[in-house]
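Proteins get letters first, then strands, A, B, ... in listed order; numbering begins at 1 in each.
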Number of protein chains: 4
Amino acid sequence: MSKKGKGERTRERILEAAAEEFASRGFYETKTIDILSKVGLTQPALYKHFPNKQSIYCELVDGLHVKFRRLIETARLGIGLTDDDVSAGAKEAVIHVFNLLFENPNVTRIAFFMDQNAENLKLELVKLIQKNIQSEQEMGYIRSDISAEIAAVCLVGMIERLTLEFLLPGKKSPESLADDVFGIFAPAMINKGSEPNPIDIIKHLE
Amino acid sequence: MSKKGKGERTRERILEAAAEEFASRGFYETKTIDILSKVGLTQPALYKHFPNKQSIYCELVDGLHVKFRRLIETARLGIGLTDDDVSAGAKEAVIHVFNLLFENPNVTRIAFFMDQNAENLKLELVKLIQKNIQSEQEMGYIRSDISAEIAAVCLVGMIERLTLEFLLPGKKSPESLADDVFGIFAPAMINKGSEPNPIDIIKHLE
Amino acid sequence: MSKKGKGERTRERILEAAAEEFASRGFYETKTIDILSKVGLTQPALYKHFPNKQSIYCELVDGLHVKFRRLIETARLGIGLTDDDVSAGAKEAVIHVFNLLFENPNVTRIAFFMDQNAENLKLELVKLIQKNIQSEQEMGYIRSDISAEIAAVCLVGMIERLTLEFLLPGKKSPESLADDVFGIFAPAMINKGSEPNPIDIIKHLE
Amino acid sequence: MSKKGKGERTRERILEAAAEEFASRGFYETKTIDILSKVGLTQPALYKHFPNKQSIYCELVDGLHVKFRRLIETARLGIGLTDDDVSAGAKEAVIHVFNLLFENPNVTRIAFFMDQNAENLKLELVKLIQKNIQSEQEMGYIRSDISAEIAAVCLVGMIERLTLEFLLPGKKSPESLADDVFGIFAPAMINKGSEPNPIDIIKHLE
DNA sequence: TATGAATGAGGTTTCATTCAT
DNA sequence: GATGAATGAAACCTCATTCAT
């Protein structure tokens with residue numbers, strides 16, 4: 001009666017168990033038998049569903065990486081909004097990031113923190129944020145005396161560590177963490193005492 | 001002339017090669033033979049100097065962890081200075097951290113970024129910073145509407161990522177990075193729009 | 001209308017597919033699933049019809065081996081004929097052999113060329129031929145300066161290789177190959193330059 | 001003191017044991033542990049010397065195949081001799097073949113009788129012999145009413161079976177077997193009653 | 001001090017084979 | 001009669017690690 005065949009469900013149970021094991025022990029210390037005994041299966045069952053241990057790992061990692069890249073892409077396309085939307089949109093984007101990372105904490109641990117390739121992912125995120133910051137700097141909304149790259153890198157660093165210490169353990173919600181991040185990041189970026197760059201204002205009025 | 005015997009030198013060459021390999025491939029993908037062929041030795045030589053592969057890894061990791069904890073301890077003891085010292089001291093402390101992380105990039109990669117235990121280390125750093133922030137919040141020097149813990153976590157996150165992207169690749173110096181960090185973190189913490197706490201002002205004027 | 005039930009037909013399709021696979025890949029490189037996918041069945045179906053993989057192989061091999069031994073037995077009983085019959089009968093026998101080997105080329109490949117037990121079969125054939133040759137040698141019809149055993153072995157060798165190179169690929173018919181074999185073997189056996197044994201001549205004139 | 005290092009000798013002992021096992025059980029029924037227990041070693045020792053089980057097999061097979069092809073090549077270059085040399089040379093060549101096959105009976109069993117690729121080898125031998133026969137047919141030395149190809153195939157068939165039944169078990173020497181082969185093959189080929197073709201004679205006198 | 005040669009131990013993987021439906 | 005899903009068993013291979021020199 002169930003839409004999914006038993007095989008499909010088994011496959012998913014393997015993936016889930018693998019995620020738990022990989023997240024807590026790492027790839028190498030996770031033995032296939034650890035995964036299987038968790039699911040209550042024996043070795044050949046695993047190889048009915050996956051060609052090898054590595055492929056389970058990859059499926060988990062790639063899954064998140066794809067979603068993550070898609071999120072970045074979506075955010076990139078959303079660039080170029082009006083005033084309030086800009087900062088509101090930024091926070092919204094960060095919430096999306098936290099949401100995604102919170103979807104499956106085990107997978108996030110693996111794909112976003114343990115996997116070597118995660119660095120590339122973070123670099124892409126940095127690039128996206130950097131571009132946004134630069135736009136806003138050109139518009140004079142935020143300080144221009146700070147390197148957009150440095151700022152972006154810092155923002156990503158904050159997101160990372162907040163994810164590890166508050167999001168994954170379930171201590172804080174994505175929204176709340178986004179507030180926290182911008183509670184620090186926004187004030188740091190604000191064009192405080194200095195007059196806004198007149199040219200930027202003109203640009204903005206057009 | 002050299003104080004160190006040949007054996008001691010060999011031991012160090014092994015450690016160094018191991019650091020390179022561990023840093024680039026990780027513990028499990030680094031085979032003892034990879035390390036040895038890099039040094040031009042054969043397997044038994046390794047076991048003359050170390051009880052096993054794990055011990056090489058531990059020696060590298062523990063070395064940095066000890067130094068790191070010592071740094072934190074020193075910083076902790078240095079708490080409770082006068083105003084200028086406070087922020088100057090904070091930046092100084094961050095420089096020390098960057099300096100330590102820059103001492104041996106390979107080891108840093110291993111002990112500070114790959115090793116599971118690094119989380120504890122970072123947690124200790126967070127605690128230290130959190131305490132400092134709390135002190136300053138109590139003194140009214142900085143915003144009190146931000147959780148000291150969150151702020152500390154964010155600061156550590158920034159340090160981490162800046163280390164990975166600028167310090168380890170040699171793109172920026174410890175001092176410059178400390179400037180960058182405080183260029184963002186300090187303004188974010190400043191008690192701006194709100195009326196400053198009168199008591200704090202008095203303190204500050206002294 | 002068909003005498004055979006569906007099960008029986010399935011059984012035969014399995015045998016046939018197995019013969020193809022065994023013949024082209026050998027026993028070990030043929031996986032049960034290869035056979036089954038060829039027939040469009042799944043694994044349990046196989047075990048409804050055969051106790052195991054080996055038994056399929058045996059059934060194929062034994063089938064030919066039994067037929068072959070029966071052929072040899074028939075030939076053995078037919079020994080002791082008059083002159084013309086002798087050589088004519090010999091060629092007839094070889095045609096029978098080729099016919100049998102041509103009946104199912106795949107099975108022949110397996111049972112006559114790949115199976116270790118085939119050696120015994122060939123040995124039996126050698127023994128039979130050797131006896132025939134000896135009889136004829138005693139009768140003086142053919143050279144006595146050649147070991148009957150050697151001659152028999154050679155004849156079997158020819159049959160084997162001709163089978164592989166011409167019969168199984170369908171390049172030559174059993175009859176034509178029998179002609180070829182005797183085109184070489186008969187002249188080789190003939191009592192040519194030497195004076196024929198007078199006694200033999202007398203026998204021959206009868 | 002010995003020229004060969006211990007490792008090299010071990011390698012050879014493995015090869016030798018493998019040849020025995022492969023020859024008697026076949027590739028798949030030979031477990032690496034069978035080979036190793038014969039040599040008194042454990043698994044890793046094998047993999048110090050060979051990348052895998054297959055490579056041991058290949059080294060054995062390729063070794064003989066190369067020698068065999070070299071032999072054929074040498075024979076090919078030796079074509080085109082005078083009268084007596086022709087048949088003498090042919091026998092000589094067959095002796096070389098038998099000698100090679102006798103050098104290492106186990107390897108011969110594997111590379112010349114069990115290995116699938118052996119068929120190609122035999123085909124090459126057939127081609128060589130066929131050419132020689134054709135030359136002699138053109139010169140009128142031997143019967144032209146027999147297909148050179150058929151004759152060559154038969155000759156190879158004889159060699160094969162004689163090898164299996166007499167050479168490998170050590171029942172007959174290469175020379176003796178060559179005599180046997182030509183005792184049958186030469187008379188079969190001889191241009192008995194018929195006058196030699198005049199044109200061929202002229203050709204031969206040139 | 002360093003090495004050539006060997007090992008113990010254990011993991012991944014691959015089959016043929018079966019159970020419950 | 002046939003199947004989806006699972007298993008038992010065993011082979012290959014790869015390590016870190018050690019022995020004897």
Side-chain angles (χ1 to χ4, degrees), chain A residues 5-11 14 28-36 39-56, chain B residues 5-11 27-36 39-56, chain C residues 5-11 27-36 39-56, chain D residues 5-11 14 28-36 39-56:
Chain A
K6 196 182 176 193
E8 190 58 26
R9 280 232 305 287
T10 298
R11 198 190 135 90
I14 291 174
Y28 296 95
E29 281 300 311
T30 295
K31 312 304 175 190
T32 56
I33 204 166
D34 299 336
I35 301 172
L36 287 161
V39 188
L41 288 174
T42 56
Q43 305 254 18
L46 191 156
Y47 292 89
K48 272 266 144 87
H49 296 286
F50 302 92
N52 51 37
K53 177 185 161 188
Q54 179 77 27
S55 76
I56 304 179
Chain B
K6 194 180 174 194
E8 191 59 26
R9 281 273 303 285
T10 300
R11 198 189 133 88
F27 181 77
Y28 295 95
E29 281 301 307
T30 296
K31 314 304 176 189
T32 55
I33 203 164
D34 297 336
I35 301 172
L36 288 161
V39 187
L41 288 174
T42 57
Q43 311 223 359
L46 190 153
Y47 293 88
K48 277 270 146 75
H49 296 286
F50 301 91
N52 51 38
K53 176 186 168 186
Q54 182 74 33
S55 75
I56 305 178
Chain C
K6 194 179 174 195
E8 190 59 26
R9 280 274 303 286
T10 300
R11 199 189 133 90
F27 181 78
Y28 296 94
E29 281 300 308
T30 295
K31 314 304 177 189
T32 56
I33 203 164
D34 297 338
I35 301 173
L36 287 161
V39 187
L41 288 175
T42 57
Q43 311 224 356
L46 191 154
Y47 293 89
K48 276 270 147 75
H49 296 287
F50 301 91
N52 52 38
K53 177 186 168 187
Q54 182 74 33
S55 74
I56 305 179
Chain D
K6 197 181 175 195
E8 189 58 27
R9 281 232 306 286
T10 298
R11 199 188 132 91
I14 291 174
Y28 296 94
E29 280 301 309
T30 296
K31 313 302 175 191
T32 56
I33 204 165
D34 298 337
I35 300 172
L36 287 160
V39 188
L41 288 174
T42 56
Q43 304 250 19
L46 192 155
Y47 292 89
K48 272 267 144 84
H49 296 286
F50 302 92
N52 51 39
K53 176 185 161 187
Q54 180 77 28
S55 76
I56 305 180

Nearest heavy-atom contact between R11(A) and H49(A) is NH1-O, 3.1 Å

So, is T10(D) close to the dA6(E) phosphate, meaning a side-chain N or O under 4.0 Å from OP1 or OP2?
yes

For the side chain of K53(A) and the backbone of F50(A), is there at least one donor-acceptor N/O pair under 3.5 Å apart?
no

Could you check whether S55(C) gets within reach of a base, just the sugar-phosphate, or nothing at all, counting any heavy atom under 4.0 Å?
nothing

Which of dT13(E), dG4(E), dA16(E) is nearest the side chain of T42(B)? It is dG4(E)

Give the rounded distance in Å between these two atoms: CG of N52(A) and P of dC13(F).
16 Å

Please determine whether a side-chain nitrogen or oxygen atom of K53(A) lies at a distance below 4.0 Å from atom OP1 or OP2 of dT12(E).
yes

5'-most contact on DNA chain F: I33(D) or K48(B), nearest heavy atom basis?
I33(D)

Rounded to whole Å, OH of Y28(B) lies from C1' of dG10(E) at a distance of 14 Å

Between C1' of dA16(E) and CD of E29(D), the distance in whole Å
13 Å

Would you say dA16(F) has OP1 or OP2 under 4.0 Å from some side-chain N or O of T32(B)?
yes

Nucleotide of dG8(F), dC19(F), dA2(E) approaching P44(A) most closely (side-chain heavy atoms):
dG8(F)

If I take atom CZ in residue F50(A) and atom P in nucleotide dA5(F), what distance separates them, rounded to the nearest angstrom?
14 Å

Which part of the nucleic acid, if any, lies within contact of K31(B), taking any heavy atom under 4.0 Å across all strands shown: a base, the sugar-phosphate backbone alone, or nothing?
sugar-phosphate

Are any of Y47(D)'s side-chain N or O atoms less than 4.0 Å away from OP1 or OP2 of dC13(F)?
yes

Correct closest heavy-atom pair for T32(C) and Y47(C) would be CG2-OH, 4.0 Å

CD1-CG distance between I33(D) and L41(D), expressed to the nearest 0.5 angstrom:
11.5 Å

Under 3.5 Å for both distances, Watson-Crick or G-U wobble, that's the pair rule; now give the dot-bracket for DNA chain F, with | marking pairs to another strand and [ ] for crossing ones.
.||||||||||||||||||||

What nucleic acid atoms does L46(B) come within less than 4.0 Å of, heavy atoms only: base, sugar-phosphate, or nothing?
nothing

Regarding the side chain of Q43(D), the nearest nucleotide among dT7(F), dA6(E), dT14(F) is dT14(F)

When you check the phosphate oxygens OP1 and OP2 of dA2(E), does a side-chain N or O of H49(B) lie under 4.0 Å from one of them?
yes

Below the 4.0 Å mark, does dA5(E) have OP1 or OP2 next to a side-chain nitrogen or oxygen of K6(D)?
no

First encountered from the 5' end of DNA chain E, between Q54(A) and A45(D)
A45(D)

Note, I35(A) side chain near I14(A) side chain (heavy atom, < 4.5 Å):
yes

